[in-house]
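The block underneath contains the structure these notes are about, expressed in structure tokens.
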Protein chains: 2
Amino acid sequence: MPPRKDKPVNGKRLPSIQDVAIAADVSTATVSRVLNNPNLVSPETAEKVRKAVVQLGYKPNLFAQGLMTRKSRVLGIALPDIHGEFYSELLRGADAEARRRGYHILVGTEARKAEAQPLTPHNLPPGALAPGSPELPERSNLAFGLVDGLAIMITEPNELLWREARELALPVVVLDVEIAEPGVDCIMVDNGPGTKEATEHLLAALPGDKLYFVGGPRENFDTQRRGETFVETLRDAGIRARKDQLAFGRYSVEWGYLWAGTLLKANALRGIGVLAGNDEIALGVLQAAQDARIKVPEELRIVGYDDTRLASLVRPSLSSVRVPMAEVGAAAISTLIDRIAEPERPATIVRLPTKLVVRESSDKNAASGGF
Amino acid sequence: MPPRKDKPVNGKRLPSIQDVAIAADVSTATVSRVLNNPNLVSPETAEKVRKAVVQLGYKPNLFAQGLMTRKSRVLGIALPDIHGEFYSELLRGADAEARRRGYHILVGTEARKAEAQPLTPHNLPPGALAPGSPELPERSNLAFGLVDGLAIMITEPNELLWREARELALPVVVLDVEIAEPGVDCIMVDNGPGTKEATEHLLAALPGDKLYFVGGPRENFDTQRRGETFVETLRDAGIRARKDQLAFGRYSVEWGYLWAGTLLKANALRGIGVLAGNDEIALGVLQAAQDARIKVPEELRIVGYDDTRLASLVRPSLSSVRVPMAEVGAAAISTLIDRIAEPERPATIVRLPTKLVVRESSDKNAASGGF
DNA sequence: TGGCGAGTTGTAAACGCTTACACTTGAGGG
DNA sequence: CCCTCAAGTGTAAGCGTTTACAACTCGCCA
């Protein structure tokens, strides 16, 4: 005999489906049907109900709805804890798509492994809780149980996250890494087209043996693919790339500068073309060239990668291969929603193409990039 | 007589509080108490229950919980539909703080007013629904009813969002704009300190009448404050700023370039100091100077604003006033959570200070900005 | 000895929805 | 004229929690 808790959110109670039913003089079932399955209801009744709904400003209680349907129309996104444009572009795309399809997005930057993150029974192996231990079930750090699906955008697979998601049989899509698991879709960036295009673009002005690929870390998957395609494209043009035409380092301005420095010492920075692993590396090369009074693009052609804002703002503006991060986000959400609707379908792999954007650093006649 | 829907999420039913109660041989009430209010339960019983919880891997159902408590520990963030670093930095800070306090973040980029966004009764004036109209209550675009509070990060106040939030008596904090409303907290960036510091920094090397402020749009609140502080600081140094020492335009590279061009024509770009309204403007000025072979910082000192990534990557690296976006996000969330806990407390206004970061564009001896 | 309060636990009523099933009509077919 | 069937509607049982109240056990004091 709990008291009727007229516990208004704040003064006044929100209208419930009951209120609508009374106002429209029908049963709650009918109201629900009008809202979820109108074709089960006669047009006149539906109209009556709709009027009541609007008049009362009724909005279904999402908790109650979720309790019944076990759906929230909320999707989780596990993001790496990094800064930068990628992060936000990706999210932009994801959110736009989610909105378009009537979903919402819950973000969860990945907790630093070592850091705080109090242990809860959810991330402890069963039985690991010390007797008398004070910590007890709170919500897991990604609000599992609230989300209908999860997009994992973390590069290094997070065991914890992963296991928990599988346990809950939560629909999952992963980004930027191929996982060979039955029900798991992957969204990938296809470095091929852009890299090929960029290489050919450079080939149009320079002989193949004068082209260099300056990548990020050798272990990096994207850098690998880009390097490979670079080599392939040269081969297709009849040039066998020398070993020194490929370099690996880090994704930083310094590395680009450093690399250019070594060529400079050998007096070999002039008359070549550089495809960088990302825009920062390209910028490093550009700065080295400027310091050495080497003219870009006349004496040195540079193409970056990722097409960050940087590329169009720097001067000379940087040609760059555009990576469609927003599209990646959108595709992730789209795929995730599709899987929710159809859990058993075979895993798909989406590959989004990259594309060269030509600017001044590789083509004197290119627009300044519209700074 | 609905059938017992053993509707497992996917094969097997998740353990409910019932299951735990049975396993621990207590009532569901006791289990609930152990989880939410342990000091109401004897230590032995609590221990028994905890063991069962861990063993079964029980996790409270968030929908049921929300239905009862009317709390979700989810906060909404309404973001402007823009790209860029601010967006992501802000979100980073917000998410970190939310996580720290056991909350989650639901993002909602603002829908473009004109665009799609199907009309639902929630954003229609009552009665506006045409008879027979097909659209009916879906969830509002920010999952009102699911979130415990809302941080509005949109610059131009969105009537709709606002009204809806007020109607629901949803705790709200707004960013970057002061709202004089009883229960509404504001988080602001205090442009004062950084601007003053930057101006004084320039004053240390140049006479006050050689300093210029090149702002963004005249209407922009931040630009206004920055301009004012610039003038004040000059006055404090005994200089009355001439009208032409302040300029307003847009937040773009072009505008900076343009502005510098006019001074260049008057042969007046040498020997001055420029405080720009943001980094892009500063970059425009810098590029103009470089085109004119004017040495920075020797002949022209430039300070940007916002301290974006750009500032440290460009060469010479750009001195800039750092705006603590992550902190803004964190403060917003923190304040919001505080208000949820204490809805009646008076509105607070948080002001986060800005700070000058000196680099090469204004000081030859500054570090390169650690590119 | 009776009564009272504190500490612990159980009982069961909501919370606001969805939906299986039962029921009522009226049309159409044999 | 009875039976069947479809369409439209209502009834009420949950969904998995929280929590007011009742109930019981002690220990303690008058």
Side-chain angles (χ1 to χ4, degrees), chain A residues 1-9 13-49 53 56 58-73 136-139 145-146, chain B residues 1-9 13-49 53 56 58-73 136-139 145-146:
Chain A
M1 54 209 69
R4 162 106 182 129
K5 253 189 323 202
D6 255 347
K7 186 208 274 181
V9 167
R13 215 170 55 84
L14 293 167
S16 79
I17 200 172
Q18 264 279 14
D19 302 319
V20 178
I22 293 172
D25 195 30
V26 296
S27 73
T28 61
T30 299
V31 177
S32 176
R33 283 191 278 253
V34 171
L35 265 31
N36 303 315
N37 222 333
N39 49 335
L40 290 182
V41 178
S42 78
E44 305 79 44
T45 311
E47 188 48 36
K48 229 177 16 173
V49 170
V53 164
L56 273 63
Y58 166 72
K59 297 171 70 168
N61 178 308
L62 299 184
F63 295 116
Q65 223 164 25
L67 187 53
M68 281 306 291
T69 62
R70 279 150 195 304
K71 294 262 163 269
S72 63
R73 296 188 83 82
L136 254 200
E138 311 167 21
R139 45 257 315 156
L146 179 55
Chain B
M1 51 212 70
R4 162 108 180 127
K5 255 186 320 197
D6 255 347
K7 187 208 272 180
V9 168
R13 214 171 56 85
L14 291 167
S16 78
I17 201 172
Q18 265 278 15
D19 302 319
V20 177
I22 292 171
D25 195 30
V26 296
S27 73
T28 60
T30 299
V31 176
S32 176
R33 283 192 278 254
V34 169
L35 265 31
N36 302 316
N37 223 334
N39 49 336
L40 289 182
V41 178
S42 80
E44 304 79 44
T45 311
E47 189 48 36
K48 235 181 5 180
V49 170
V53 164
L56 273 63
Y58 165 71
K59 294 172 71 168
N61 178 305
L62 299 183
F63 295 117
Q65 223 163 27
L67 186 52
M68 281 307 291
T69 63
R70 288 159 187 296
K71 293 263 163 267
S72 63
R73 295 187 82 81
L136 253 201
E138 308 169 22
R139 45 254 319 148
L146 179 56

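In what follows, every chain begins at residue 1, and chains take the letters A, B, ... in the order their sequences are listed.
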Side-chain atoms of Val41(A) come closest, of dC15(C), dT17(D), dT9(D), to dT9(D)
What's the shortest heavy-atom distance between [X] and [Y], and which atoms?
| X | Y | result |
| --- | --- | --- |
| Ala64(A) | Leu67(B) | CB-CD1, 3.8 Å |
| Val49(B) | Thr30(B) | CG2-CG2, 4.5 Å |
| Ala23(B) | Leu56(B) | CB-CD1, 4.2 Å |
| Lys48(A) | Val26(A) | NZ-CG1, 4.1 Å |

What is the separation between atom [atom1] on [X] and atom [atom2] on [N], rounded to the nearest whole Å?
| X | N | atom1 | atom2 | value |
| --- | --- | --- | --- | --- |
| Asn37(B) | dT18(D) | CG | C1' | 11 Å |
| Leu62(A) | dC15(D) | CG | C1' | 16 Å |
| Leu67(B) | dC17(C) | CG | P | 9 Å |
| Arg70(B) | dA14(C) | CZ | P | 14 Å |
| Leu56(A) | dG16(C) | CG | C1' | 15 Å |
| Leu40(B) | dC21(D) | CG | P | 15 Å |
| Leu35(A) | dG16(C) | CG | P | 16 Å |
| Leu146(B) | dG16(C) | CG | P | 16 Å |

For Ile17(A) and Ser42(B), take the nucleotide of DNA chain C holding the closest heavy atom to each; which residue's nucleotide lies nearer the 5' end?
-> Ser42(B)
Starting at the 5' end of DNA chain C and moving along, which residue's nearest nucleotide shows up first, Val26(B) or Ala64(B)?
-> Val26(B)
Between Pro43(A) and Asn36(B), the residue closer to the 5' end of DNA chain D by nearest nucleotide is Pro43(A)
Would one find a side-chain N or O of [X] under 4.0 angstrom from OP1 or OP2 of [N]?
| X | N | result |
| --- | --- | --- |
| Thr30(A) | dG8(D) | no |
| Gln65(A) | dT18(C) | yes |
| Thr45(A) | dT9(D) | yes |
| Ser27(B) | dG10(C) | yes |

Could one point to a donor on the side chain of Arg13(B) or the base of dG16(D) with an acceptor on the other under 3.5 Å away?
-> no
Base of dG10(D) paired with side chain of Arg33(A) (donor-acceptor, under 3.5 Å) = yes
Just call it for Ser32(A): base, sugar-phosphate, or nothing, with non-hydrogen atoms closer than 4.0 Å on any strand.
-> base
Check step by step if side-chain contact (heavy atoms from CB on, under 4.5 Å) holds for Leu146(B) and Phe63(A).
-> CA-CA 7 Å; Leu146(B) 179 56; Phe63(A) 295 116; 3.8 Å; yes
